[in-house]
Enquirer: 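This structure is in C-alpha cells; I'll ask about it shortly.
Here the structure is a predicted model, which means the values were calculated and not measured.
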Amino acid sequence: MRKKGIIISVIVVILVAIGSGYGYKHYQSTTTTKQTTTSNIRSDQAVKKDINTRLVTNESKAQSGMKTTLKKAVNNKQYTVNNMYTKVNPYGTSPLSAVVIFQTTKAAKISYTVAGKSKATSITNTQSKYSTHHQLQVLGLYANTNNQVKVKVTYKDGTSTSKTIHLQTAKLPSSLTSIKINVKKANKQKMVVGTGNSKLTFMVRTTISGKNQAKNFTFGLDADGAIRWYTTKPTSHIFKQLTNGHLLIWTKSKSSHSYFDELVEMDYTGKVYKTYKFNHKAWGKTKGSKKQNHNQVHHDVTELANGDLIATVSDGGRTYVEDTMIVISHRTGKIIKVINLKKILPAKFYTTYNATSSNKYMGKKDWFHQNSVYYTKSDNSLIISSRNQNLVMKINYKTEKIQWILSGKKRSAWPKSYRKYLLKASGKIAWPGGQHAAIVDPTTLKNKNSLKLLIFNNNIAVGTTKKSLAASSGKYSEGVEYRINEKTKTIKQVASYGKSLGKANFADIIGSNRYLSATNRLIDFGWLDSGKAANIIEYDQKTQQEVFNVKLTNLGSGGYVYRAERFSLYPTKHAYGINE
C-alpha cells in the first residue's frame, strides 16, 4: 500500500506540474514543440531581491553647498546686467557649462549666445518668460577658451540692452584630446541642428566596467566636430533625454569602482535630481565560476508614460543572461514589474541555444541578448530588439502578449502557434540580423496601418537564419526603415542606407539609426576596426545624400561609440519617440 501511495503521489505531482506549465504564459503551452523544464526561470521576487533598486540622496546632498550658493546669488541685488554672477562647471561634472545669475529692475526676458568659432556654430537660447530674477544655464562652451557670451535683455515695452561676458574653461582631458575627430562632410543648411544651433551629436560610450575605462566620457560635437559638452561622470550605454528635458545616465557611485550601479537623472550643468541605486552583485553566478557579473543594466532604459523606467537586465540566475526587463517606480525607486522573455518565447530557443558563446557571461547562455526596448504610448506596448534571435518583437506591456514578430529566422524554426505573429514581407526586405536600437518614427505611432520601424541592421546572421540574411551577412551594415501594417501583419522596406558603403562600414556589434526629421536620419556605425573607430552619418533618406559625416578613431580601450544621438542642449518639451 505504501508503494502504491508513493506512485499515486508522483502521478499527482506530474499532473500538477503539467497543468501549471512551470510559470509559462497560457498561450505558450499551446506550442507544438516539446517544452522542457522551466526550473531555471527565476521568480519575479528573486529578481527584485537581487537587483534591489531604491532611491538614494547622497549625490543630491553632496551638491547642497553649490545649490545654496546659487540660491543666494539669485536673491543678491548686487548682481545686475553690468555685474553678473558667473560659475563655470558649477557641479564639477560638466566642464563646458556655466550658470549666470543677475537681476533686472523691470521684468525682462533673456536671450543669450555662445559665440561659435565658425559659421552656424554659435549656440543661442531664448527664455520666453518675463522675470526680474534671471538664472541662465549657459551650455555649449568651448574647452580651453575664454568664451564670449552675448546676453540680450528685452523688456516688456520693447526696449532692450545687451552685455557681453567671458567664461574661461579648462582644457579637455587627455582621454578626449587623444580621440581623432575627422568631419568629412557638414552641410549645415541641411543638418538638423535645432533652434539656435542647440542640437549636438552625442557620442554615447559603451565603457566597459574597468577602472581604467572610467574616463571614456560621453561627449557632444557641433557640426565642425568641436566638443561642446561632456560629462566627467562615467557613463555606459544609457544616455537618454527624459520627458522633462533632463538626462538619464547609467553611471558609477564611485569612479574607482569596477562596476556601474546607479541610474542618475541630471541636467546638462550636472545638477542631480534623482539617483536610483542598484545592487551591483548578481548572486546567481555560474556553477564553478569565481566571477560575478557586476552590471545589472546592460543595454537600455526607456521612460514609460507615467515617468516610470523600464530597464534591460539579467535575471540573476545561474543559466541565462540579458533576457529580462524590470520596471522601476520613479516615485519609490522600487521594482514594480518583471518581464522575463523566457516566459514569452519558445523554450527551445533558450534551452538548446548554442549559436554564440562568450567568457563575458561566465558560461551563462546569452540566448536573447536584448539590446533595446521602446515604449509606444499610443497602445501601451513595448518594441524589443533581440540580437541573438535576429528578431524585433512587439508585446503588450500589461498582458505581455505578442503583437507581432519581425524575424530573421526561417519560418519553420518557429512553433506553429507563433507563426501567426510573424510579419510577412511585401517585396524584398533586409531581414534583421544581430540588429540594434529598434525605434519608431514618432509621426506614425497611432497608425496601425502604417507604423514605421527603424533599426540599425548590423546584418550578421546569428544561428540559423533566412537564406537572404545568410547570403548578405558580414558584407555591410545599414540603417533600415520599414512600414508595418499591424492589422494585416505585413511589412515593407521603405528606406535604408549603408549597403553602398560596403564592408568598410560593417559593424558586427552595436550601432543605432535615429529619427531626426521627416527626411533625416542619424546612423552610428559604432564598431569599426574592432571598436577602435566609429563613423556617424546623417543622411537624407529621400535624396540618399549624406549631410554630415564624422569619423572617430583612437577611441581608447573600451570607449566604443555605442549609440549616436542628436539632442538639444535646451529641450523645451520632449517629443516622445524622437530621442529614444
Side-chain angles (χ1 to χ4, degrees), residues 62-117 121-172 194-200 220 222 226-232 245-247 266-273 568-572:
Q63 296 181 343
S64 60
M66 177 51 61
K67 292 174 184 176
T68 300
T69 297
L70 296 179
K71 187 176 181 179
K72 288 180 179 178
V74 169
N75 295 315
N76 192 330
K77 293 182 179 180
Q78 77 175 30
Y79 296 119
T80 65
V81 173
N82 294 316
N83 180 38
M84 298 181 184
Y85 171 90
T86 63
K87 179 63 178 178
V88 174
N89 192 15
Y91 299 101
T93 59
S94 183
L96 303 184
S97 71
V99 172
V100 174
I101 295 171
F102 62 96
Q103 290 188 26
T104 51
T105 55
K106 298 184 296 181
K109 62 180 181 180
I110 312 299
S111 177
Y112 51 101
T113 301
V114 177
K117 293 185 177 181
T121 57
S122 293
I123 296 176
T124 299
N125 184 41
T126 300
Q127 296 183 335
S128 58
K129 294 182 179 180
Y130 287 89
S131 177
T132 56
H133 292 71
H134 310 285
Q135 182 172 339
L136 315 180
Q137 288 187 351
V138 181
L139 306 170
L141 302 174
Y142 290 93
N144 195 29
T145 300
N146 192 21
N147 290 268
Q148 179 179 299
V149 181
K150 183 177 180 181
V151 181
K152 184 179 180 181
V153 181
T154 303
Y155 301 100
K156 288 184 176 181
D157 62 5
T159 61
S160 64
T161 185
S162 296
K163 178 71 175 180
T164 298
I165 60 175
H166 291 84
L167 300 172
Q168 179 65 52
T169 52
K171 295 180 180 179
L172 289 173
T195 303
N197 301 318
S198 63
K199 290 190 175 183
L200 302 180
D222 66 13
I227 294 177
R228 305 288 294 273
W229 186 91
Y230 71 97
T231 178
T232 55
H246 294 164
L247 294 171
M266 68 179 197
D267 63 26
Y268 281 103
T269 67
K271 181 180 179 181
V272 172
Y273 296 86
S568 172
L569 293 171
Y570 298 106
T572 49

Enquirer: Rounded to the nearest 0.5 Å, how far apart are CZ of Arg228 and OG1 of Thr121?
Expert: 5.5 Å
Enquirer: Please give me the minimum heavy-atom distance between Ser160 and Thr154, naming the atom from each residue.
Expert: CB-OG1, 3.8 Å
Enquirer: Taking side chain as C-beta onward, heavy atoms only, is Thr124 less than 4.5 Å from Asn197?
Expert: no
Enquirer: Could you go through the side chain to side chain donor-acceptor pair (under 3.5 Å) check for Ser111 and Thr126 one step at a time?
Expert: CA-CA 4 Å; Ser111 177; Thr126 300; 3.2 Å; yes
Enquirer: For Thr69, what residues pass the side-chain hydrogen bond (donor to acceptor under 3.5 Å, both in side chains) criterion, not counting sequence neighbours?
Expert: none
Enquirer: How long is the gap from CG on Leu141 to CD1 on Ile227, to the nearest 0.5 Å?
Expert: 13.5 Å
Enquirer: So, do Val99 and Gln135 sit near enough that their side-chain heavy atoms are less than 4.5 Å apart?
Expert: yes
Enquirer: Strictly by modelled atom types, are Ser122 and Thr113 linked by a side-chain donor-acceptor pair under 3.5 Å?
Expert: no
Enquirer: Here's one to test your reading of the geometry: is the NZ or CZ of Lys117 within 45 degrees of the ring axis of Tyr142 and under 6.0 Å from its centre?
Expert: yes
Enquirer: Test your reading of the model: is there a side-chain donor-acceptor pair from Asn147 to the backbone of Leu167, 3.5 Å cut-off?
Expert: yes
Enquirer: Find the distance between NE2 (His134) and CD (Gln127) and round it off to the nearest 0.5 Å.
Expert: 8.0 Å
Enquirer: For Lys72, I'd like to know if atom NZ has over 12 heavy atoms of other residues, nucleotides or ligands within 6.0 Å.
Expert: no
Enquirer: How close do Leu139 and Ile123 get, heavy atom to heavy atom, and via which atoms?
Expert: O-CG2, 4.2 Å
Enquirer: Checking Ser131 side chain against His133 main chain: does a donor-acceptor pair fall under 3.5 Å?
Expert: yes
Enquirer: Starting at NZ of Lys106, measure out to OH of Tyr130 and round the result to the nearest 0.5 Å.
Expert: 11.0 Å
Enquirer: If you draw the axis of the six-membered ring of Tyr112, does the NZ or CZ of Lys152 fall within 45° of it and under 6.0 Å from the ring centre?
Expert: no
Enquirer: Would you indicate whether the side-chain heavy atoms of Val153 and Lys163 approach each other to under 4.5 Å?
Expert: no
Enquirer: Can you tell me how far apart NE2 (His246) and CG (Asp267) are? Round to the nearest 0.5 Å.
Expert: 5.5 Å
Enquirer: Identify the two heavy atoms, one from Thr232 and one from Pro95, that lie closest to each other, and give their separation to 0.1 Å.
Expert: CG2-CG, 4.0 Å
Enquirer: Mind listing the closest non-hydrogen atom pair of Tyr268 and Pro571 along with its distance?
Expert: CE1-CD, 4.3 Å
Enquirer: Measure the CD-CD1 distance between Gln148 and Ile165 for me, rounded to the nearest 0.5 Å.
Expert: 10.5 Å
Enquirer: State, yes or no, whether a side-chain contact exists between Thr164 and Val151 at a heavy-atom distance under 4.5 Å.
Expert: no
Enquirer: Who pairs with Lys71 by salt bridge (charged side-chain N to carboxylate O under 4.0 Å, His left out), at least two apart in sequence or on another chain?
Expert: none
Enquirer: Answer yes or no: is there a side-chain heavy-atom contact under 4.5 Å between Val100 and Val149?
Expert: no
Enquirer: So, do Leu136 and Ile101 sit near enough that their side-chain heavy atoms are less than 4.5 Å apart?
Expert: no
Enquirer: Is it true that Thr159 and Asp157 share a donor-acceptor pair across their side chains at a distance under 3.5 Å?
Expert: yes
Enquirer: For Thr132 and Thr104, run side chain to side chain donor-acceptor pair (under 3.5 Å): C-alpha distance rounded to whole Å, both residues' side-chain angles, the deciding distance at 0.1 Å, then the answer.
Expert: CA-CA 5 Å; Thr132 56; Thr104 51; 5.6 Å; no
Enquirer: So which pairs with a foot in residues 77-101 pass side-chain hydrogen bond (donor to acceptor under 3.5 Å, both in side chains), sequence neighbours left out?
Expert: Ser94-Ser97, Ser94-Trp229
